[in-house]
Amino acid sequence: MELFNKIRQTIEQSYPDLKGINIDFQPTPENQTGDFGFPCFVYAKVLKTSPVNIASKLASLSYPDIIEETKTAGPYLNFSLDRNVFATELVSEILSQKELFGSGGEGKGKRVLLEHTSINPNASPHIGRSRNGLIGDTLARLFRFEGYDVNVHYYVNDMGKQIGLLVMQAEDKKDLRFHEVLDLYVEANQRAKDDPDFEAKGFDLLMRMEHGDPEVTKAFGDMVNICLNGQLEVLGRLGLTYDTFDRESTFLHDARMDEAMEVFNKQGALFTDEHGRKVLDLQKLGYCSEEGRYIVLKRANGSTMYMYRDIAYTLEKIERGGDMNLIVLGEDHKMYFEQMETIIRSLGKTPPVAVHYSYILLKEGKMSTRQGNVVLLADFLDEAVQHARAKVEVQWPDMPEDERGEIARIIGIGAVRFAILSVRPNRNVIFDWETALSFTGDSGPYIQYSCTRIASILRKHGSEPETLKSPLTLTHDAEWGLVFRLAAVPQDISSSLKLKNPGILATTALDIARRFSVFYNECPVLSAENEKIRDSRIAICVAARQALMNLLGLLGINAPERM
RNA sequence: GCGCCAAUAGCUCAGUUGGAUAGAGCAACUGCCUUCUAAGCAGUAGGUCGCAGGUUCGAGUCCUGCUUGGCGCGCCA
């Protein structure tokens with residue numbers, strides 16, 4: 001904030017020794033006077049005097065006009081703002097910046113390549129798989145919001161053992177449908193476990209695919225298309241979109257890998273083991289840990305392992321260039337990615353930056369496809385939308401069916417996205433139906449509801465201001481509580497991007513929605529005591545809605561006009 | 001066994017570089033709809049921030065050890 005910089009300048013002019021020391025501005029607690037302040041402990045260290053002494057000295061400096069009063073509370077220095085001036089400046093800023101409010105524009109002219117989701121084409125995705133896509137999608141929205149040119153990549157694992165097994169299991173099926181694949185997948189895995197011949201046949205199929213057998217290639221391709229299209233449809237319902245699809249099979253025979261294998265060889269890192277496999281000793285490439293030291297790149301039959309193709313793909317992504325190369329991966333891929341980093345560095349390149357996230361767990365324990373205790377994303381979405389529909393029907397009995405359906409869809413999707421995104425990526429999400437389908441309290445619908453209430457006020461008012469015609473007049477703490485919170489939004493968005501934590505957006509949006517609710521209950525807008533106060537409140541409503549819409553947009557959540 | 005991540009109210013989670021009395025929601029209890037949508041608001045109750053040490057003027061936040069949970073550890077992807 002400009003204001004904070006001005007305060008810093010004022011202090012540094014009188015005390016040059018304090019230059020470059022970061023001040024921790026924070027809102028003052030309820031029992032103290034003032035709007036915000038900071039502790040003087042760090043200054044005390046530099047100036048070698050007590051923080052209480054410094055606070056009182058700094059209090060007597062002359063600050064910008066917008067600061068009405070300074071007051072010390074022991075080692076803390078607090079500032080009181082001219083609330084009307086502050087609110088007028090902030091709200092008019094929001095009204096003019098509109099959908100860009102909150103953006104620092106730091107990414108202008110920069111390119112980002114972001115890979116996310118990239119699930120195996122097999123069955124309908126369960127909710128655990130969606131966390132990758134949701135985090136990735138939100139990061140993509142964040143980067144775009146900050147001005148970056150973002151290209152979202154999806155790596156289609158269109159080959160590998162699991163496709164081979166699926167192809168065999170589906171051999172005598174005609175017109176296979178996507179929803180049937182889950183059962184086939186479970187069956188195929190069970191059969192491979194029980195019958196080594198079946199599994200061996202799978203690897204054989206894989207090898208023929210690698211050697212370009214047209215029949216096998218077609219069978220793989222057909223199966224992958226059924227799965228991929230089915231998965232993308234479900235992911236699309238959640239609002240996930242991709243710019244570029246890269247197919248693993250196109251990295252089978254890659255000139256870059258011939259070069260890479262030569263580099264590994266020269267560094268003495270590549271050897272053939274007693275089974276005839278091509279193995280990479282990562283320790284020779286600078287990998288420190290003993291676990292994960294060896295990695296098989298090629299099977300004895302000459303077919304390649306996943307890592308082999310992924311190295312080629314990663315090199316491809318690096319060659320495409322950009323100022324940032326990101327990938328969202330589950331915590332199960334942490335070691336794998338460390339290995340990848342070592343390999344890419346040994347080839348003289350900079351590896352992508354990985355964003356890891358933890359698993360979604362069920363209250364009863366882990367999800368397991370085999371044991372059948374999975375929550376499919378499609379089911380979760382159906383359930384959430386259904387739940388929302390029931391509420392909309394009660395609320396709007398006379399509304400046309402398709403409009404109600406659309407509102408229910410927006411609310412259901414919003415609830416799902418919010419529930420998963422609001423948890424810090426490095427923590428497990430504990431999923432239970434009751435909490436996930438709760439549309440009260442800390443939830444997506446609660447935020448949407450605030451937007452709806454604002455929309456309703458503005459609808460009844462008949463118009464909404466494009467710009468401020470006159471300065472705001474605040475008469476109530478609830479107005480100020482809301483307005484002052486809006487001022488921190490740009491900082492919150494920037495933190496969310498820097499820490500690659502979408503949860504900060506969720507917390508910010510909730511906080512604003514809560515403050516709006518307080519304001520809504522305590523400050524009548526349309527029936528305010530006079531026109532001046534009414535216009536101020538209208539402006540605050542417009543600004544609050546803008547901030548909420550921008551935050552929801554980053555979270556990939558829409559807000560209906562009514563709900 | 002080894003490595004990485006986590007542990008905050010009965011439950012689900014915030015707590016962004018260490019700072020003022022640790023915050024929400026759900027569940028429980030009490031109020032508030034002839035007044036802009038009650039998917040809401042106000043209030044009560046609920047905490048040795050896993051345990052034990054340490055660093056610091058100050059620790060939920062940093063360090064060490066332990067406990068519990070998640071994830072991983074060579075022909076799966």
Side-chain angles (χ1 to χ4, degrees), chain A residues 22 24 26 28-32 37-39 41-42 44-45 50-51 73-76 78 118-120 157 159-163 203 248 273 275-280 289-301 303 305-307 309-310 330-336 338 356 358-359 361 363 366 388 391 395 411 419 422-424 426-432 434-436 438-443 445-446 448-450 452-461 491-492 494-496 498-499 501 503-504 506-507 510-511 514 517-518 520-522 524-527 537 541 562-563:
Chain A
N22 199 18
D24 185 23
Q26 50 195 304
T28 50
E30 306 258 325
N31 63 335
Q32 297 289 339
F38 62 88
F41 298 101
V42 265
K45 230 168 214 171
S50 80
Y76 291 86
N78 292 321
S118 303
I119 53 185
N120 290 331
N157 307 128
M159 50 178 312
K161 190 178 99 173
Q162 87 282 353
I163 311 277
F203 281 120
E248 187 181 346
D273 74 357
H275 305 288
R277 305 175 293 188
K278 291 277 182 235
V279 181
L280 197 55
S289 159
E290 185 61 32
E291 57 184 284
R293 171 179 172 182
Y294 298 105
I295 208 157
V296 178
L297 289 181
K298 284 187 175 181
R299 297 185 179 92
N301 71 5
S303 66
M305 298 285 290
Y306 180 81
M307 175 64 100
R309 294 163 238 139
D310 199 19
E331 64 174 336
D332 51 330
H333 282 66
K334 260 185 182 168
M335 201 186 79
Y336 171 83
E338 280 165 17
H356 293 285
S358 296
Y359 276 32
L361 310 174
K363 233 174 181 171
K366 304 178 203 182
K391 295 207 164 202
Q395 188 73 25
I411 294 168
S422 56
V423 180
R424 243 175 25 224
N426 65 349
R427 275 184 69 141
N428 291 114
V429 173
I430 312 290
F431 179 91
D432 76 290
E434 197 193 322
T435 307
S438 160
F439 293 175
T440 63
D442 290 0
S443 69
Y446 174 79
Q448 293 171 320
Y449 190 61
S450 292
T452 304
R453 283 173 147 182
I454 296 173
S456 175
I457 290 172
L458 295 175
R459 214 168 25 238
K460 292 207 162 122
H461 181 59
Q491 182 59 49
D492 290 327
S494 159
S495 297
S496 176
K498 200 173 77 196
L499 300 172
N501 174 10
I504 294 173
T507 307
L510 262 184
D511 203 7
R514 248 186 245 122
S517 294
V518 175
Y520 180 88
N521 269 71
E522 296 188 11
V525 177
L526 299 179
S527 57
R537 289 179 179 169
C541 283
R562 303 166 210 271
M563 64 186 275

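Chain letters run A, B, ... following the sequence lines, proteins first and then strands; every chain starts at 1. Quantities reported herein were computed from a predicted structural model and do not represent experimental measurements.
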J.: So what does V525(A) touch, heavy atoms closer than 4.0 Å: a base, only the sugar-phosphate, or nothing?
T.: base
J.: Give me the distance, rounded to whole Å, that separates A24(B) from A14(B) when you measure between the C1' atoms they each carry.
T.: 7 Å
J.: Can you check the distance between G18(B) and C57(B), where both ends of the measurement are the C1' atom (answer in whole Å)?
T.: 12 Å
J.: Touch check for N120(A), heavy atoms < 4.0 angstrom, all strands: base, sugar-phosphate only, or nothing?
T.: sugar-phosphate
J.: Any protein N or O atoms within reach of nucleotides 27-34 of chain B? Criterion: under 3.5 Å, listing atom names and distances.
T.:
none

J.: Would you mind reading off the distance between L510(A) atom CG and C26(B) atom P, rounded to a whole angstrom?
T.: 11 Å
J.: Syn if the chi torsion is within 90° of 0, anti otherwise; quick check, which is C33(B)?
T.: syn
J.: Applying a 4.0 Å non-hydrogen cut-off, can you work out what H461(A) is touching in the nucleic acid: base, sugar-phosphate, or nothing?
T.: nothing
J.: Let me know, please, whether V518(A) or V42(A) comes out on the 5' side of the other along RNA chain B by nearest nucleotide.
T.: V42(A)
J.: Consider the side chain of E291(A), meaning its heavy atoms from C-beta on, and name the nucleotide among A14(B), G72(B), C75(B) that approaches it most closely.
T.: G72(B)
J.: Ignoring the backbone of N501(A), work out which of G40(B), G15(B), A77(B) is nearest its side chain.
T.: G15(B)
J.: Within this structure, what is the CZ-CG distance for the pair R424(A) and L499(A), rounded to the nearest 0.5 Å?
T.: 10.5 Å
J.: Base, sugar-phosphate, or nothing for M159(A), non-hydrogen atoms under 4.0 angstrom?
T.: sugar-phosphate
J.: Nearest of U37(B), A39(B), G19(B) to any side-chain atom of F439(A)?
T.: A39(B)
J.: Please state the C1' separation for the pair C51(B) and A7(B) - nearest whole angstrom.
T.: 11 Å
J.: Given C75(B), U17(B), G72(B), identify the nucleotide with an atom nearest to the side chain of Y359(A).
T.: G72(B)
J.: For F41(A) and G19(B), is the gap between ring centres under 5.5 Å while the planes differ by less than 30°?
T.: yes
J.: Rounded to the nearest 0.5 Å, what separates atom CZ in R427(A) from atom CG in L361(A)?
T.: 11.5 Å
J.: Rounded to whole angstrom units, what separation is found between the CE atom of M335(A) and the C1' atom of A77(B)?
T.: 14 Å
J.: Run the side-chain contact (heavy atoms from CB on, under 4.5 Å) test on I457(A) and R453(A) for me, step by step, so that the C-alpha distance in whole Å, both residues' side-chain angles and the decisive distance to 0.1 Å come before the verdict.
T.: CA-CA 6 Å; I457(A) 290 172; R453(A) 283 173 147 182; 5.5 Å; no
J.: At under 4.0 Å between heavy atoms, what does S527(A) touch on the DNA or RNA strands: base, sugar-phosphate, or nothing?
T.: nothing
J.: If you round to the nearest 0.5 Å, how far is OG1 of T452(A) from CD of Q395(A)?
T.: 10.0 Å
J.: Does a side-chain N or O of K366(A) approach OP1 or OP2 of C71(B) to a distance below 4.0 Å, or not?
T.: yes
J.: Which stems does RNA chain B form, counting runs of 3 or more consecutive Watson-Crick or G-U wobble pairs with both distances under 3.5 Å?
T.: B:1-7 with B:67-73, B:10-13 with B:23-26, B:28-32 with B:40-44, B:50-54 with B:62-66
J.: Calculate the interatomic distance between F38(A) atom CZ and G19(B) atom C1'; express it in whole Å.
T.: 13 Å
J.: Which nucleotide wins on minimum distance to the side chain of N78(A), given the candidates A24(B), A20(B), A77(B)?
T.: A20(B)
J.: Using the P atom on both, measure A38(B) against A42(B) and round to a whole Å.
T.: 14 Å
J.: Under 4.0 Å, counting only non-hydrogen atoms across every strand here, what does E331(A) touch: a base, just sugar-phosphate, or nothing?
T.: base
J.: Tell me the interatomic distance from I457(A), atom CD1, to U37(B), atom C1', rounded to whole angstroms.
T.: 10 Å
J.: When rounded to the nearest Å, what value does the distance between P atoms of C4(B) and C62(B) take?
T.: 16 Å
J.: The side chain of Y449(A) lies closest to which of these nucleotides: C11(B), C36(B), A38(B)?
T.: A38(B)
J.: Could you state the atom-to-atom distance from NZ of K391(A) to C1' of G40(B) in whole Å?
T.: 12 Å
J.: May I ask you to say what K498(A) touches in the nucleic acid, namely base, sugar-phosphate or nothing, with a heavy-atom cut-off under 4.0 Å?
T.: nothing
J.: Whole angstroms only, please: what is the CG-C1' distance between L499(A) and U17(B)?
T.: 10 Å
J.: Using a cut-off of less than 4.0 Å, is there contact between a side-chain N or O of K278(A) and OP1 or OP2 of C75(B)?
T.: no
J.: To the side chain of T28(A), which of G40(B), A20(B), A14(B) is closest?
T.: A20(B)
J.: Going by distance alone, is a donor N or O of one side chain under 3.5 Å from an acceptor N or O of the other, for Y294(A) and D273(A)?
T.: no
J.: Taking only the P atom of each, what is the distance from G10(B) to G50(B) in whole angstrom?
T.: 13 Å
J.: State whether R424(A) places a side-chain N or O below 4.0 Å from either non-bridging phosphate oxygen (OP1 or OP2) of G15(B).
T.: yes
J.: Between G72(B), U37(B), U16(B), which nucleotide has the shortest distance from any of its atoms to the side chain of D332(A)?
T.: G72(B)
J.: Ignoring the backbone of I430(A), work out which of G72(B), C13(B), C75(B) is nearest its side chain.
T.: C13(B)
J.: Can you tell me, in whole Å, how much space there is between the P of C73(B) and that of A59(B)?
T.: 40 Å
J.: Verify the contact: side-chain N or O of R427(A) to OP1 or OP2 of G69(B), cut-off strictly under 4.0 Å; return yes or no.
T.: no
J.: Should Y294(A) be listed as having a side-chain N or O under 4.0 Å from OP1 or OP2 of G74(B)?
T.: no
J.: Less than 4.0 angstrom between a side-chain N/O of R514(A) and OP1 or OP2 of A14(B), yes or no?
T.: no
J.: Closest approach of L280(A) and L297(A), non-hydrogen atoms and distance?
T.: CD2-CD1, 4.0 Å
J.: Using heavy atoms to find the nearest nucleotide of RNA chain B for T435(A) and I411(A) separately, return the residue whose nucleotide is more 5′.
T.: T435(A)
J.: When you compare G60(B) with C49(B), how far apart are their C1' atoms, in angstrom units rounded to a whole number?
T.: 5 Å
J.: Look at the rings of Y76(A) and F41(A) and say which category their plane angle falls in: under 30° parallel, 30 to 60° tilted, over 60° perpendicular.
T.: perpendicular
J.: Give me the atom names and distance for the closest heavy-atom approach of N157(A) to I163(A).
T.: O-CD1, 4.0 Å
J.: Find the distance between CD (E291(A)) and CD (E338(A)) and round it off to the nearest 0.5 Å.
T.: 8.5 Å
J.: How far apart are the C-alpha atoms of S450(A) and Y520(A), what are their side-chain angles, what is the distance that settles it, and do they pass the side-chain hydrogen bond (donor to acceptor under 3.5 Å, both in side chains) test?
T.: CA-CA 9 Å; S450(A) 292; Y520(A) 180 88; over 6 Å; no
J.: Just the rounded figure in Å: distance from P of G3(B) to OH of Y336(A).
T.: 24 Å
J.: Would you say S517(A) reaches C41(B)'s phosphate, i.e. side-chain N/O to OP1/OP2 under 4.0 Å?
T.: yes
J.: If the threshold is 4.0 Å, N to carboxylate O, is there a salt bridge linking E290(A) and R293(A)?
T.: yes
J.: For residues G441(A) and Y446(A), report the shortest heavy-atom separation together with the two atoms involved.
T.: O-CB, 2.9 Å
J.: Minimum heavy-atom separation for V525(A) to C541(A), with atom names?
T.: CG2-SG, 4.1 Å
J.: Whole angstroms only, please: what is the CD-P distance between Q395(A) and A39(B)?
T.: 6 Å
